[in-house]
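Everything numeric in this text was worked out from a predicted model, so none of it was measured.
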Amino acid sequence: MDTKLRRSIVDLERRETPQLIGSDKVEGTPVYQPDGNRAGQIERVMIDKLSGKVAYAVMSFGGFLGVGEDYYPLPWSLLTYNPALGGYEVNIGEEQLKGAPKFGKSQSWDWASPASGKLVFDHYGLPPYWEMP
């Protein structure tokens, strides 16, 4: 095995194990609805600096070729990795997603505001991540 290929395999092993995945590998991962239809993809993961908890996955949804695309902060607890799909499943309907808190490319989201976070978790009927054990 040549050195370059071996290095590539070692780098992959460091970025993903059966239980762990590097954040750079999560970004761009597809998100599917329970019926197997693709809902969007994960754009970024937001991690609480102090607790280390993954708070949100920011999912892109809608648009065409990045135009008209919206970003939805989803509570991380809503996502389940499905190895058969090679992506995450989110058990929410399209109508619930369409009515969810979101922001566009030209907008910003106030990540520091507890009110913004509460708005997201309330929409999905979950306690905020900072109140979960």
Side-chain angles (χ1 to χ4, degrees):
M1 182 181 308
D2 80 354
T3 306
K4 190 173 185 178
L5 178 59
R6 183 176 300 145
R7 226 179 295 134
S8 182
I9 291 170
V10 169
D11 286 346
L12 177 62
E13 289 171 353
R14 288 184 192 148
R15 293 173 45 215
E16 186 171 1
T17 72
Q19 296 298 316
L20 301 172
I21 189 166
S23 62
D24 61 324
K25 289 203 69 182
V26 175
E27 294 167 4
T29 302
V31 178
Y32 297 93
Q33 297 169 323
D35 61 7
N37 288 326
R38 187 174 168 151
Q41 74 177 25
I42 295 176
E43 295 295 324
R44 73 183 58 89
V45 176
M46 301 300 289
I47 302 167
D48 185 289
K49 288 182 192 179
L50 299 177
S51 71
K53 292 180 183 178
V54 177
Y56 307 96
V58 179
M59 185 181 82
S60 60
F61 177 71
F64 181 70
L65 299 176
V67 177
E69 196 169 54
D70 289 317
Y71 300 96
Y72 294 78
L74 294 174
W76 183 253
S77 60
L78 289 178
L79 298 168
T80 304
Y81 188 75
N82 183 329
L85 292 172
Y88 291 91
E89 283 185 315
V90 62
N91 194 15
I92 57 174
E94 193 169 325
E95 288 306 311
Q96 186 180 22
L97 185 60
K98 284 183 179 177
K102 65 182 180 181
F103 59 99
K105 279 191 177 202
S106 61
Q107 301 168 311
S108 63
W109 182 264
D110 188 358
W111 295 106
S113 168
S116 294
K118 186 153 175 35
L119 184 69
V120 170
F121 283 88
D122 284 351
H123 178 79
Y124 295 106
L126 297 170
Y129 78 90
W130 57 87
E131 292 178 1
M132 292 184 201

On a heavy-atom basis, which atom in [X] and which in [Y] lie closest, and how many Å separate them?
X: P75; Y: V120; value: CD-CG1, 3.8 Å
X: P30; Y: G86; value: CD-O, 4.0 Å
X: P73; Y: W111; value: CB-CH2, 3.8 Å
X: K25; Y: T29; value: O-OG1, 2.9 Å

Interatomic spacing from [atom1] in [X] to [atom2] in [Y] - rounded to 0.5 Å:
X: H123; Y: K102; atom1: NE2; atom2: NZ; answer: 11.0 Å
X: I47; Y: K53; atom1: CD1; atom2: NZ; answer: 13.5 Å
X: E43; Y: Y71; atom1: CD; atom2: OH; answer: 5.0 Å
X: I42; Y: L74; atom1: CD1; atom2: CG; answer: 8.0 Å
X: K118; Y: L126; atom1: NZ; atom2: CG; answer: 11.0 Å
X: I92; Y: Y124; atom1: CD1; atom2: OH; answer: 4.0 Å

Less than 3.5 Å apart, any donor N or O on the side chain of Y129 or D48 sitting next to an acceptor on the other?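 There is such a pair between these side chains.
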
Should we say atom CG of N91 is surrounded by more than 12 heavy atoms from elsewhere, each under 6.0 Å from it?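 Open.
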
Just say parallel, tilted or perpendicular for the rings of F121 and Y56, cut-offs at 30° and 60°.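 F121 and Y56: tilted rings.
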
Validation row: S116, W109 side chains within 4.5 angstrom (heavy atoms):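 Yes - at least one pair of side-chain heavy atoms lies under 4.5 Å apart.
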
So F103 and V58, do their side chains get closer than 4.5 Å, heavy atoms only?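 Side-chain contact under 4.5 Å: yes.
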
Is W76 reachable from V31 through a run of hydrophobic residues whose side-chain heavy atoms are each under 4.5 Å from the next?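 Yes.
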
